[in-house]
Undergrad: 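What follows is a single structure, and I will ask about it in a moment.
The shown structure was predicted, so the numbers you read here are calculated from the model rather than taken from an experiment.
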Amino acid sequence: MNYRPINAILALAIILPAELSAIEVPDSTSCLLEEVVVTTHKQANDIIPAQILSGDELRKLNSNSVADALRYFSGVQIKDYGGVGGIKTVNIRSMGTNHTGVVYDGVELGNAQNGQIDLGQFSLDNIETISLYNGQKSEILQPAKDFGSAGSIYMRTRLPKFESGETYHARGTIRTGSFDLINPSALVELKLSSRVNASLSAEWINSSGKYKFRYRRVNPAGELAYDTTAVRQNGDINATRIELNINGSFRTGNWNLKAYNYNSERGVPGAIVNNVWRRGERIWDTNSFAQGRYTGYFGKLTTLNNLKYAFYRTHYVNNDDKQIKIDNLYRQKEIYFSSANEYELFSWWKVSLSYDFMWNDLNADMYGFARPDRFSNFISGATAINLSRFRLQASALGTFIHDRLRGQQSPEDKKVFTPAVFASFNPLRNKEISIRAFYKKSFRMPTFNDLYYADMGNSKLNPEHVTQYNAGFLYDHNAVGLLSAARISIDAYYNRVKDKIVAYPKGQQFRWTMLNLGIVDIKGIDVSAIITLRPLKNLLLTGRVQYTFQRAIDVTNPADNYYRDQIPYIPEHSGSAVFNAAWRGWGLNYSWIYVGERYNQQENIRYNYTQPWYTSDLSVSKDFRFGKVSLRGLLEINNLFSQDYDVIINYPMPKRNYRFTLTVEI
């Protein structure tokens with residue numbers, strides 16, 4: 001592959017900002033920090049508005065991790081294997097987990113081994129905002145790789161803000177409750193100078209993961225096969241998280257340095273099949289990364305540059321007597337660099353050029369392991385037109401992948417071009433109503449496991465392609481008075497997934513192969529509404545409702561028994577509702593989540609039918625203040641009505657459980 005054009009672009013991206021470094025912008029902190037301030041008014045200006053949870057609204061939800069909070073977004077499916085330490089992954093609009101980009105403080109998280117990010121590993125303690133974008137973020141100044149995801153989740157940590165005379169903030173939190181939970185955390189923020197601040201966040205979580213559940217199964221004839229009440233085992237977790245952020249600004253830009261480390265040992269609560277309890281799996285994770293981010297403003301040119309190094313270590317053991325014994329150690333390395341540059345041609349017209357480079361390496365202590373590494377180059381060009389009532393954004397991404405294997409013939413290089421077009425129109429001058437639409441093509445590369453896993457991988461796999469169409473409507477009203485805010489969003493969409501990668505049995509037990517077999521058609525409607533009322537001076541009422549209809553069917557082969565059947569674990573109907581009341585330091589939060597009937601296998605027959613489930617969560621909080629010290633007590637009751645349900649078949653979820661949180665902040 002010829003890398004000279006790519007190297008030339010990279011050199012230009014580095015040299016050009018340096019040549020312009022003498023140009024300065026006015027010394028305005030509000031200007032430099034604008035990208036990290038989230039308000040409801042900002043959303044109305046996005047071509048594709050994001051679903052956002054932030055600030056107090058995020059903290060009041062009965063959520064312990066990022067995955068828990070994402071359940072309240074429309075069009076999202078969460079795979080949850082149960083318990084405090086159970087693996088949790090997210091899927092947007094049924095396109096698959098690997099088509100979802102997860103961005104942490106501006107840099108995308110990666111997992112070249114299986115392409116899945118376990119969002120249960122990310123605590124909400126230091127998260128200020130979670131945003132979900134369908135298609136892509138409504139900005140053209142972003143890394144080239146960000147243009148490649150079919151949907152994206154952005155997590156932003158808390159940015160220290162100091163009043164006059166303040167030099168530090170400190171916060172301590174302790175949680176305890178069901179499952180023998182002990183979960184202390186601490187956050188310290190320091191003002192190092194007028195332009196530099198730092199924050200250190202640390203957390204420990206320990207839990208036995210034991211919870212009672214009722215497990216019952218009905219045979220195809222409709223007769224009760226067995227009905228068991230038992231205690232879930234092997235769901236324990238012992239994990240630590242520590243994160244350091246240093247933020248700075250100067251007359252021509254701002255920067256951020258981040259170091260992150262997560263260590264855990266946890267059991268993997270196995271599937272319960274035919275009343276057999278599997279409990280032999282354990283995972284040790286060590287995830288570490290360091291990243292730097294720099295944004296520079298030079299007149300009409302803005303440059304955004306990222307640098308990251310990551311090391312992931314996973315030790316997996318399966319000692320189950322009913323399965324093949326496994327004891328494997330995996331090590332991943334990642335180096336990532338990005339340079340995005342935006343230029344303002346006119347006040348209403350901007351263009352951008354971005355280049356990303358990524359290197360991934362995977363090693364395992366398995367005999368004959370291929371030890372793959374991957375060189376990925378991404379080049380994007382984008383333009384944005386912002387007129388009085390009309391906004392247009394278009395982008396094109398070129399992706400170039402080169403895999404290399406130790407002692408084996410390397411597969412052919414992959415070259416993929418993916419365009420996208422977004423448009424939005426305001427029919428009224430007050431811009432309270434907007435109509436939007438987008439078209440986008442995207443793809444996902446087969447993971448290292450898909451391609452090279454022993455006795456399973458297929459190095460001839462093609463990338464999995466997605467084509468997205470979306471049309472939507474937004475009403476966004478903000479005022480002073482009884483009705484403080486009202487927001488209604490409706491989207492209809494059609495997605496087509498081609499060359500879907502699936503695991504196919506080869507006939508021998510525990511022997512599978514990966515093939516490009518599937519074509520999936522996905523049609524759906526997402527509806528969300530938020531309303532905020534202030535009937536009294538000190539009383540604030542907020543309601544949030546989400547609903548998704550989705551028909552995701554397999555159209556691969558008319559000869560298949562499951563042709564045009566709904567794909568596994570995708571409900572046609574799902575939704576959530578959240579109600580919050582705040583009065584003189586008291587807070588009441590009620591949330592309800594519903595997931596309709598599904599099928600756990602490809603054939604939509606009675607034997608594969610999975611019942612709908614819903615849960616109700618309730619929390620009560622009280623804020624106290626003693627001078628400069630703030631205290632908050634929070635009592636949560638999760639699964640209020642003690643419903644028995646499975647998110648994934650044979651992985652029962654907890655019944656009613658409790659959690660108490662005490663937070664002290666200075």
Undergrad: Does a sphere of radius 6.0 Å around NZ in K308 hold more than 12 heavy atoms from other residues, nucleotides or ligands, not counting ones at 6.0 Å or beyond?
TA: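 Enclosed.
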
Undergrad: Going by atom types only, do N245 and N247 share a side-chain donor-acceptor pair under 3.5 Å?
TA: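 No, no side-chain donor-acceptor contact under 3.5 Å.
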
Undergrad: Let's go through Y294 and T303 carefully: what are the C-alpha distance in whole Å and the side-chain angles of both, what is the deciding distance for side-chain contact (heavy atoms from CB on, under 4.5 Å) to 0.1 Å, and is it a yes or a no?
TA: CA-CA 8 Å; Y294 161 71; T303 182; 4.1 Å; yes

Undergrad: Can you list everything that forms a salt bridge (Lys or Arg N to Asp or Glu O under 4.0 Å) with R171? Sequence neighbours excluded, please.
TA: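 Result, salt bridge (Lys or Arg N to Asp or Glu O under 4.0 Å) vs R171: none returned.
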
Undergrad: I need the N263 CG to S288 OG distance, nearest 0.5 Å.
TA: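 These two atoms lie 6.5 Å from each other.
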
Undergrad: Mind listing the closest non-hydrogen atom pair of P269 and G235 along with its distance?
TA: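 That closest heavy-atom pairing would be CD-CA, 4.2 Å.
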
Undergrad: The test is side-chain contact (heavy atoms from CB on, under 4.5 Å); show your working for F73 and I92 and say whether it passes.
TA: CA-CA 10 Å; F73 288 150; I92 298 177; over 6 Å; no

Undergrad: Can the ring centroids of Y211 and F179 be said to lie less than 6.0 angstrom from one another?
TA: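 Yes, ring centres under 6.0 Å apart.
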
Undergrad: Please round to the nearest 0.5 Å and tell me the distance separating atom CG of N256 and atom OG1 of T295.
TA: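 One gets 9.0 Å once the value is rounded to the nearest 0.5 Å.
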
Undergrad: Quick check: does any side chain N or O of D361 sit under 3.5 Å from a backbone N or O of K333, one acting as donor and the other as acceptor?
TA: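 Absent.
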
Undergrad: For a quick test of reading the model, state the closest non-hydrogen atom pair linking Q332 to A112 and the distance between them.
TA: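 Scanning both residues completely, I find the closest heavy atoms to be OE1-N, 3.0 Å.
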
Undergrad: Looking only at non-hydrogen atoms, find the nearest pair between I174 and P184 and report the distance.
TA: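 Here I174 and P184 meet closest at CD1-CB, 3.8 Å.
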
Undergrad: Is it the case that over 12 heavy atoms from other parts of the model lie below 6.0 angstrom from the CZ atom of F162?
TA: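 Enclosed: over 12 neighbouring heavy atoms sit under 6.0 Å from CZ of F162.
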
Undergrad: Could you walk me through whether D146 and Y154 satisfy the side-chain contact (heavy atoms from CB on, under 4.5 Å) test, starting with their C-alpha distance in whole Å, then the side-chain angles of each, then the deciding distance to 0.1 Å, before giving a yes or no?
TA: CA-CA 11 Å; D146 288 15; Y154 286 80; 3.4 Å; yes

Undergrad: Please verify the inter-ring angle class for Y104 with F289; under 30° counts as parallel, over 60° as perpendicular, anything in between as tilted.
TA: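 It falls in the perpendicular class, over 60°.
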
Undergrad: Determine whether V66 and K88 satisfy the following criterion, side-chain contact (heavy atoms from CB on, under 4.5 Å), listing intermediate values before the conclusion.
TA: CA-CA 9 Å; V66 171; K88 299 173 177 63; over 6 Å; no

Undergrad: With a distance cut-off below 6.0 Å to the six-membered ring centre and an angular limit of 45° from the axis, does K622 pair with F624 as a cation-pi contact?
TA: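 Verdict for F624: a cation-pi partner in K622.
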
Undergrad: I'd like to know if D373 and R406 make a salt bridge, using a cut-off of under 4.0 Å between side-chain N and carboxylate O.
TA: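 Salt bridge present between D373 and R406.
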
Undergrad: Decide, yes or no, whether a salt bridge links R293 with D105 under the criterion of side-chain N to carboxylate O below 4.0 Å.
TA: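 Answer for the salt bridge query: no.
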
Undergrad: Within the 3.5 Å criterion, strictly below it, is a donor on D180 or S208 matched to an acceptor on the partner's side chain?
TA: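 Yes - a donor-acceptor pair under 3.5 Å links their side chains.
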
Undergrad: Closer than 3.5 angstrom, by distance alone: can the side chain of T97 be matched with the main-chain N or O of T89 as a donor-acceptor pair?
TA: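 Pair absent, no side-chain N/O of T97 close to backbone of T89.
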
Undergrad: How about L58 and I130: do any of their side-chain heavy atoms sit closer than 4.5 Å?
TA: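 SC-SC contact between L58 and I130 confirmed.
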
Undergrad: Might you point out which heavy atoms bring L304 and P143 nearest each other, and give the distance in Å?
TA: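 Closest approach of L304 to P143: CD2-CD, 4.3 Å.
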
Undergrad: Would you find a donor on one side and an acceptor on the other, under 3.5 Å apart, between the side chain of D236 and the backbone of R266?
TA: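 Here the side-chain-to-backbone pair does not exist.
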
Undergrad: I need the R195 CZ to R251 CZ distance, nearest 0.5 Å.
TA: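 One finds 7.0 Å between CZ of R195 and CZ of R251.
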
Undergrad: If we count only N and O atoms by modelled type, under 3.5 Å, do the side chains of S619 and D617 hold a donor and an acceptor together?
TA: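 Their side chains do not contain a donor-acceptor pair, so the 3.5 Å distance test is not met.
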
Undergrad: CG of L53 to OH of Y72: how many Å apart, nearest 0.5 Å?
TA: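 The distance works out to 9.5 Å.
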
Undergrad: How long is the gap from CG on N657 to CG on N638, to the nearest 0.5 Å?
TA: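 Separation between the atoms: 4.5 Å.
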
Undergrad: Is the closest side-chain heavy-atom distance between R71 and V647 below 4.5 Å?
TA: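 SC-SC contact between R71 and V647 ruled out.
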
Undergrad: Between the main-chain N or O of V268 and the side-chain N or O of N234, is there a donor-acceptor pair closer than 3.5 Å?
TA: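 Yes, the answer is positive, given that a donor and an acceptor are paired below the 3.5 Å cut-off.
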
Undergrad: Check whether any side-chain heavy atom of Q136 lies under 4.5 Å from a side-chain heavy atom of S395, and answer yes or no.
TA: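 Touching, per the 4.5 Å side-chain cut-off.
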
Undergrad: Report yes or no: do H315 and D327 form a side-chain donor-acceptor pair below 3.5 Å?
TA: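 Short answer, yes.
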
Undergrad: If I compare all heavy atoms of Y297 with all of G253, which pair ends up nearest, and what's the gap?
TA: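 Heavy atoms of Y297 and G253 come nearest at CD1-CA, 3.7 Å.
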
Undergrad: Can any side-chain N or O of Q142 pair as donor or acceptor with the backbone N or O of E139 at less than 3.5 Å?
TA: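 Pair found, side chain donor or acceptor close to backbone of E139.
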
Undergrad: Could you check if a side-chain atom of L353 sits within less than 4.5 angstrom of a side-chain atom of Y343, using non-hydrogen atoms only?
TA: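 No, too far: nothing below the 4.5 Å cut-off.
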
Undergrad: Would you mind reporting whether S376 and T399 have side-chain heavy atoms less than 4.5 Å apart?
TA: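 Side chain of T399 against side chain of S376, heavy atoms only: no contact under 4.5 Å found.
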
Undergrad: Report yes or no: does N183 contribute a side-chain atom to a donor-acceptor pair with the main-chain N or O of W204 at less than 3.5 Å?
TA: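 Yes.
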
Undergrad: Any side-chain donor-acceptor pair under 3.5 Å between S201 and R241?
TA: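 Yes, because at least one side-chain N or O of S201 sits under 3.5 Å from a partner of the opposite role on R241.
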
Undergrad: Is the backbone of R625 close enough, under 3.5 Å, to the side chain of S630 for a donor and an acceptor to pair up by distance?
TA: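 Flag not set: sc S630 to bb R625 has no pair under 3.5 Å.
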
Undergrad: For I127, does its backbone N or O pair with a side-chain atom of T157 as donor and acceptor, under 3.5 Å?
TA: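 Looks like no, no N/O pair under 3.5 Å.
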
Undergrad: Between N126 and L187, is there a side-chain heavy-atom distance shorter than 4.5 Å?
TA: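 A side-chain contact under 4.5 Å exists here.
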
Undergrad: Any side-chain heavy atom of D125 sitting closer than 4.5 Å to one from R175?
TA: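 SC-SC contact between D125 and R175 confirmed.
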
Undergrad: Test your reading of the model: is there a side-chain donor-acceptor pair from Q51 to the backbone of S74, 3.5 Å cut-off?
TA: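 Present.
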
Undergrad: With side-chain hydrogen bond (donor to acceptor under 3.5 Å, both in side chains) as the test, would you mind laying out the steps for E189 and N197 before giving the verdict?
TA: CA-CA 7 Å; E189 298 175 339; N197 59 68; over 6 Å; no

Undergrad: Between Y316 and Y330, is the ring centroid distance below 6.0 Å?
TA: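 Ring centres of Y330 and Y316 not closer than 6.0 Å.
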
Undergrad: Tell me the closest heavy-atom pair linking Y168 and L190, and the distance in Å.
TA: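 Looking at all heavy atoms of both residues, the shortest contact is CB-CD2, 3.8 Å.
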
Undergrad: Is the closest basic N to carboxylate O distance between E665 and R158 below 4.0 Å?
TA: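 Result for this pair is yes, salt bridge flagged.
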
Undergrad: Quick one: OG on S352 to CG on N341, what's the gap to the nearest 0.5 Å?
TA: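 If we round to the nearest 0.5 Å, S352:OG and N341:CG are 8.5 Å apart.
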
Undergrad: Does either side chain, that of S249 or that of N254, offer a donor lying less than 3.5 Å from an acceptor on the other one?
TA: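 Checked: S249/N254 side chains show no N/O donor-acceptor pair below 3.5 Å.
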
Undergrad: With no hydrogens and no angle check, do the side chains of Y355 and N377 hold a donor and an acceptor under 3.5 Å apart?
TA: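 Yes, because at least one side-chain N or O of Y355 sits under 3.5 Å from a partner of the opposite role on N377.
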
Undergrad: Does any N or O in the side chain of D356 come within less than 3.5 Å of the main-chain N or O of K145, such that one atom is a donor and the other an acceptor?
TA: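 Checked: pair present.
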
Undergrad: Answer yes or no: is there a side-chain heavy-atom contact under 4.5 Å between M155 and L109?
TA: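 Result yes, sub-4.5 Å side-chain heavy-atom pair found.
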
